[in-house]
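Take a look at the structure set out below.
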Number of protein chains: 2
Amino acid sequence: MREILAPILSKLNQLKPLEPADKEAFLKMPCRIKEVDSGQVLIDEGIRTVNCIGLLSGFAYSHQILQDGKRQIISVHIPGDFPDLKSAILGKACDTLQMLSPGRIALFNMADVQRLLTERPAIQTALWRETLVTTSIVGEWLTNVGRRDARGRISHHLCEFAVRLRFAGLLEGNAYEFPLTQEQIADATGLTVVHVNRTLQDLRRAGVIRTKRRAVQIVDWQRLVQLSDFSPRYLHGKSEMRQGDRPDQ
Amino acid sequence: MREILAPILSKLNQLKPLEPADKEAFLKMPCRIKEVDSGQVLIDEGIRTVNCIGLLSGFAYSHQILQDGKRQIISVHIPGDFPDLKSAILGKACDTLQMLSPGRIALFNMADVQRLLTERPAIQTALWRETLVTTSIVGEWLTNVGRRDARGRISHHLCEFAVRLRFAGLLEGNAYEFPLTQEQIADATGLTVVHVNRTLQDLRRAGVIRTKRRAVQIVDWQRLVQLSDFSPRYLHGKSEMRQGDRPDQ
DNA sequence: CGACTGATTGACGGGATTCAACAACCGTGG
DNA sequence: CCACGGTTGTTGAATCCCGTCAATCAGTCG
């Protein structure tokens, strides 16, 4: 029953091994399933949040907008994530959560979640760890934007996304759907669209990647890793992929 | 008794109101107090952590170093913080924690902390919230580095630091000790030392700030806020300072 | 006093931005 | 089926913010 929640449960279980009773308690929690469109706003900045969202399919992103209209993407969420956990626990959203692609979400009532957390400490630990891994990723993005050039920044994002998908069991080969437009890549990397465009061409010409619409194929994983100084340590994935490992192995 | 732990307890209590029993349980937890030097490394990248650190006095920072020697500072910690909570809960450090100034820390055994967390859920919530506020701050730094120019980035840091000190009860007037050297400011803002130096001169010449050694005096708070598009919302401080408020009011 | 760290300055170069088009691609509807 | 409008991707030229290199100055401490 409730197999639709499988991606979430599987992720929680990766973060902290759950006992059958934990899983049962989680699955018994009331929730509403909702189909959402690409571009749909799930949580808006400044909103008081009463629900907690689990992402079942599709991709989402959190971003902030400055007064002068500039935008920064803070994180990208993949199926299995709780993209607004921060807002939910702190009770106040300070960035906007929006879908990158059509998808499906599960809505939980915060009161139910709070009860679950006290009754099943393992689940609280799992969720806490999820927020910590998120912190870790944001920190890595900060390093990315602060200390790498355009090639490195974009390469790093491509690596990270591949490995995250892989940890979540959503990537088999070396090609995947990369749900960001060039403008969104720009807003995630602190660059401009124009420069992202040129840098992507650069990477293609160098034979490192191939792109087709929203799909990316990694041709030379080693080089991509080298260009971006990528090491998956910070993702705290269970399978402990070593640097230099290819995502398709 | 154990008044030395006051800064930590007070911060926890701000994040989540604690009952006397919570405070008592916290204070009864065994801990070791340690004086630390400026520059001392508390946790190194890649280390498995068995202790949990509370910062009692002085300032610390977390940073990552890339292969080519470039460095990015991820966060600055002030008294009352648990600067390595992430590493402690995830069990593995992926950045380096180092003192910015001489100070004093409290060392707790992770096993004791884990026990406390299950016995006193309010404390777990408080600590969880602390990690969430940290995430929030790192996200704001990301926006800072990704989407603001040098003036904005440095101004933003000055604002943030002032408000954080204020929330922690460590700032009365409009002047404070800013524990970062220009090189460290550069590593926090994704700039170079040279450019930080020129930008600081710029801010001084414009009559926005005054600096003397490691001390900063904010002359024109309004302008500093405007330059950096600063809004303290993301700090989730208890006193809900509105934008435009001056730190000395 | 020397040695060291941190702050400052100048000249020069380059990676990234800006502005302003244009092309390709998409789903939609006549 | 193709015309059409909107989004996304692509290109070129000029500009600039910031980086690089290298040297000097100022303060601190043993």
Side-chain angles (χ1 to χ4, degrees), chain A residues 37-40 61 66 68-73 98-102 144-156 177-206 209-216 227-228, chain B residues 37-40 59 61 66 68-73 98-102 144-155 177-206 209-216 227-228:
Chain A
D37 289 337
S38 175
Q40 187 167 336
Y61 69 122
L66 302 188
D68 59 4
K70 282 173 184 156
R71 192 169 41 150
Q72 178 68 45
I73 297 182
Q98 199 169 355
M99 291 302 293
L100 279 168
S101 60
N144 202 34
V145 172
R147 286 301 179 217
R148 279 190 264 263
D149 64 7
R151 283 183 121 195
R153 291 185 210 180
I154 293 177
S155 303
H156 196 274
E177 181 202 347
F178 191 72
L180 301 181
T181 65
Q182 292 188 358
E183 177 146 30
Q184 286 159 344
I185 296 177
D187 285 335
T189 53
L191 300 166
T192 55
V193 207
V194 176
H195 202 58
V196 166
N197 183 287
R198 295 199 237 259
T199 308
L200 280 174
Q201 289 180 51
D202 194 38
L203 289 172
R204 278 184 304 229
R205 242 180 286 117
I209 57 168
R210 266 180 226 150
T211 64
K212 194 186 173 189
R213 299 210 11 74
R214 232 33 78 74
V216 175
L227 279 174
S228 58
Chain B
D37 289 337
S38 173
Q40 188 169 334
F59 301 99
Y61 69 122
L66 302 188
D68 59 4
K70 281 173 184 153
R71 193 171 39 153
Q72 177 68 45
I73 297 181
Q98 199 169 354
M99 290 303 292
L100 278 169
S101 61
N144 201 34
V145 172
R147 287 300 178 217
R148 278 190 264 262
D149 65 7
R151 283 183 122 194
R153 291 185 211 180
I154 293 177
S155 302
E177 182 202 347
F178 190 72
L180 301 179
T181 66
Q182 292 188 358
E183 177 148 30
Q184 285 159 344
I185 297 177
D187 286 335
T189 52
L191 299 166
T192 56
V193 207
V194 176
H195 203 61
V196 166
N197 184 286
R198 294 200 236 259
T199 307
L200 280 174
Q201 289 179 51
D202 193 38
L203 289 172
R204 277 184 304 227
R205 243 180 285 116
I209 58 168
R210 265 179 227 151
T211 63
K212 193 185 172 189
R213 298 209 12 74
R214 230 38 74 76
V216 176
L227 278 174
S228 58

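Keep in mind the model is a prediction, meaning the values are calculated, not measured. Each chain gets a letter, A, B and so on, in the order its sequence line appears, and its residues count up from 1.
For Ser38(A), the side-chain contact (heavy atoms from CB on, under 4.5 Å) partners two or more places apart in sequence, or in a different chain, are Pro102(A). Remark: Arg148(A) pairs with Asn144(A), His156(A) by the side-chain hydrogen bond (donor to acceptor under 3.5 Å, both in side chains) rule, at least two apart or across chains. Annotation: side-chain contact (heavy atoms from CB on, under 4.5 Å) contacts of Ala206(B) (sequence neighbours excluded): Arg151(B), Val208(B). Under the salt bridge (Lys or Arg N to Asp or Glu O under 4.0 Å) criterion, Asp37(A) pairs with no residue at all, not counting sequence neighbours. With sequence neighbours excluded, the residues forming a side-chain contact (heavy atoms from CB on, under 4.5 Å) with Arg198(A) are Val194(A), listed by chain and number. The side-chain hydrogen bond (donor to acceptor under 3.5 Å, both in side chains) test applied to Gln40(A) returns no partner, not counting sequence neighbours. By the side-chain contact (heavy atoms from CB on, under 4.5 Å) test, Gln201(A) is found to be paired with Asn197(A), Arg204(A), Arg205(A), residues two or more places apart in sequence or in another chain being considered.
Note on Arg148(B): nothing from the nucleic acid sits closer than 4.0 angstrom, heavy atoms only.
Per the geometry, CG belonging to Leu100(B) stands 15 Å off C1' belonging to dG6(C), to the nearest Å. Rounded to whole Å, the distance from CD1 on Ile185(B) to P on dT5(C) is 19 Å. Between Gln182(B) atom CD and dA7(C) atom C1' the separation is 5 Å, expressed in whole Å. Rounded to an integer number of Å, the gap from CG of Asn197(A) to P of dA24(C) is 14 Å. Atoms CZ (Arg213(B)) and C1' (dG6(C)) sit 9 Å apart, rounded to a whole Å. Going from atom CD of Glu183(B) over to atom P of dG6(C) covers 7 Å, rounded to whole Å.
Nearest heavy atom pair, residue Ile185(A) against residue Thr189(A), reads O-OG1, 2.7 Å. Residues Ala188(A) and Val145(A) approach most closely at O-CG2, 3.8 Å, considering heavy atoms. Across all non-hydrogen atoms, the minimal contact from Tyr61(A) to Gln184(A) is OH-NE2, 3.8 Å.
Sorted by first and then second residue, the salt bridge (charged side-chain N to carboxylate O under 4.0 Å, His left out) pairs with a member in residues 178-195 of chain A read Arg71(A)-Asp187(A), Asp187(A)-Arg147(B); sequence neighbours excluded.
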What N/O pairs connect the protein and nucleotides 17-21 of chain C at under 3.5 Å? Give each pair on its own line.
| from | atom 1 | to | atom 2 | distance (Å) |
| --- | --- | --- | --- | --- |
| dT17(C) | OP1 | Thr192(A) | N | 3.3 |
| dT17(C) | OP2 | Thr192(A) | N | 3.2 |
| dT17(C) | OP2 | Thr192(A) | OG1 | 2.8 |
| dT18(C) | O4 | Arg198(A) | NH2 | 3.2 |

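Rotation axes derived from the C1' atoms of the five outermost pairs at either end of the helix from dC1(C)-dG30(D) to dG30(C)-dC1(D) lie 30° apart, to the nearest 10°.
For DNA chain D, the outermost nucleotides in 5' to 3' order that have an atom under 4.0 Å from a heavy atom of chain A are dT8(D) to dA13(D).
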